[in-house]
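Note that ligands are numbered from 1 as they come in the structure, with each ligand's atoms numbered from 1 the same way.
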Amino acid sequence: MTLDALAIDRRETFLAQLTREAASIALAGFQRQAGAAVSLKGPQDYLTETDGQVEEFVRRRIADAFPEDGFLGEEGGGIPGQQAWVVDPIDGTANFARSIPHFCVAIAFVANGAVQLGSIVNPVLEETYAARLGRGATLNGRPIHVSGVDDIAASSVEMGWSGRRPLANYLSAIETLYVAGTNVRRGSCGALGLAYVADGRSDGYAELHMNSWDCLAGLLMVREAGGVTGPFLAVHGLTEGAPVLAAAPGVATVMSRATGIPLHEEIDLLPDAAYQQRKTA
Ligand code: LIP
């Protein structure tokens, strides 16, 4: 089913309200969590009560408002189909669990083969990023743009770590970036790492494997803010995850070479949608 602009308008308005509500649940959880014991799902993989609470709230609100849409969440999974909401209830859970106020709620809406809407909110700083395909990206309602940095010696990028890929590949990419002259950071919240590329606080973000809930909203934001990205949806669709690269144009080639992640000029389409587009072209 193809969604028209009006149907996407309705979801955009809904998403703005949903983001505010989800952020206030996340903030209350963060304040309660301070100093409390933390539990792990696996090595370095934190779980807090708030992840489940936020995801369940978001899932119910979406099911009430748009029962025809699919859902995929970090905690509860789901069967997304071709038209779906993709939700990370708390991205940066390790920070959240240690009372570091660098975490967010990230929500993306996928339809017509591409990410149509993205929203990322840091509840502590009250910073809300929003993007819509073809209509730009904003921070608290103001348009944002990627940085104009093209001198590598002045650049600062972030390289996220994923335990799902060999450590040697991660270390080698970081080494190549340092040798090229960048400053490399790691903030442990991939979605905010991407949002910071979109608003020019950072010049690039890469990670050798990310899940769709961590990165879809941020990838849309970076492209809508004038940045370049690698392919994501086009690689394995929604459920397998893939490498992530997003950067200001001035540092994109250096980051692509260092990480081995290709740059992608076209719109990032789900594999089925790309096939349909070729068939009808
Ligand atoms: C994590 C990110 C982290 C990134 C990992 C993972 P979680 O998500 O925030 O920065 O490197 O790939 O996605 O577990 O905090 O939702």
Side-chain angles (χ1 to χ4, degrees), residues 22-23 25-27 29-30 33 38-59 72-78 85-108 118-125 127 129 157-167 169-171 173-174 177 184-198 201-202 204-219 221-222 229-230 232 235-236 238-246 255 259 261:
I25 299 174
L27 182 60
F30 183 68
Q33 169 76 26
V38 292
S39 49
L40 291 171
K41 289 190 268 185
Q44 296 299 335
D45 194 3
Y46 287 84
L47 176 68
T48 73
E49 214 181 302
T50 310
D51 289 82
Q53 276 170 1
V54 174
E55 183 163 315
E56 186 51 18
F57 170 80
V58 170
R59 197 188 59 74
L72 179 66
E74 175 177 19
E75 304 308 327
W85 298 83
V86 181
V87 176
D88 192 341
I90 304 286
D91 187 56
T93 312
N95 289 339
F96 181 102
R98 297 293 183 100
S99 298
I100 298 169
H102 188 69
F103 66 91
C104 64
V105 180
I107 305 176
S119 172
I120 294 175
V121 54
N122 177 333
V124 179
L125 296 184
E127 290 188 331
Y129 295 85
V157 303
E158 188 170 344
M159 181 87 208
W161 172 69
S162 166
R164 295 177 294 274
R165 290 294 176 268
L167 179 61
N169 298 8
Y170 176 70
L171 296 177
I174 289 190
L177 286 168
V184 186
R185 303 166 41 254
R186 178 165 179 253
S188 299
C189 177
L192 276 182
L194 289 164
Y196 283 13
V197 178
R201 284 169 169 164
S202 171
Y205 186 93
E207 187 163 334
L208 299 177
H209 184 274
M210 275 178 112
N211 289 310
S212 54
W213 46 82
D214 293 313
C215 67
L216 286 185
L219 284 170
M221 238 152 250
V222 171
T229 68
F232 184 87
V235 181
H236 294 303
L238 281 168
T239 50
E240 302 287 307
V244 164
L245 172 62
M255 285 197 78
T259 58
I261 305 171

With heavy atoms under 4.0 Å as the rule, classify the contact between [X] and ligand 1 as side chain, backbone, both or neither.
| X | value |
| --- | --- |
| D91 | both |
| S188 | backbone |
| W213 | neither |

Hey, is ligand 1 close enough to [X] that some N/O pair sits below 3.5 Å?
| X | result |
| --- | --- |
| E74 | yes |
| G160 | no |
| A94 | no |
| D88 | yes |
| R186 | no |

Is it the case that the side chain of [X] and the backbone of [Y] share a donor-acceptor pair, with hydrogens and angles ignored and the cut-off at 3.5 Å?
| X | Y | answer |
| --- | --- | --- |
| E55 | G76 | yes |
| D91 | A191 | yes |
| N95 | G187 | yes |

- Note the single closest protein heavy atom to atom 13 (O) of ligand 1, along with its residue, its atom name and the distance in Å. D214 OD2, 2.6 Å
- Task: Could you find the nearest protein heavy atom to atom 11 (O) of ligand 1 and give me its residue, atom name and distance?
- Result: E207 OE1, 2.9 Å
- Run through T229, L245, V244 and flag the one making a side chain to side chain contact (heavy atoms under 4.5 Å, CB included) with V222. T229
- Note on the structure: Which of L216, L194, I120, V197 passes side chain to side chain contact (heavy atoms under 4.5 Å, CB included) with M221? It is I120
- Message: Counting only heavy atoms not in R98 (residues, nucleotides, ligands), do more than 12 fall under 6.0 Å from its CZ?
- Response: no
- Could I get the full list of ring-ring contact (aromatic ring centres under 6.0 Å, His included) partners for W85, not counting sequence neighbours? F14, F109
- Residues that F103 engages under ring-ring contact (aromatic ring centres under 6.0 Å, His included), provided they are two or more places apart: F30, F96
- Message: Yes or no: does I90 have any heavy atom under 4.0 Å from an atom of ligand 1?
- Response: yes
- Message: Any heavy atom of C189 closer to ligand 1 than 4.0 angstrom?
- Response: yes
- Atoms of ligand 1, numbered as shown, that sit under 4.0 Å from any heavy atom of G190: 2 (C), 3 (C), 9 (O), 10 (O)
- For the residue pair Y129 and Y196, does the interplanar ring angle fall in the parallel (under 30°), tilted (30 to 60°) or perpendicular (over 60°) class? tilted
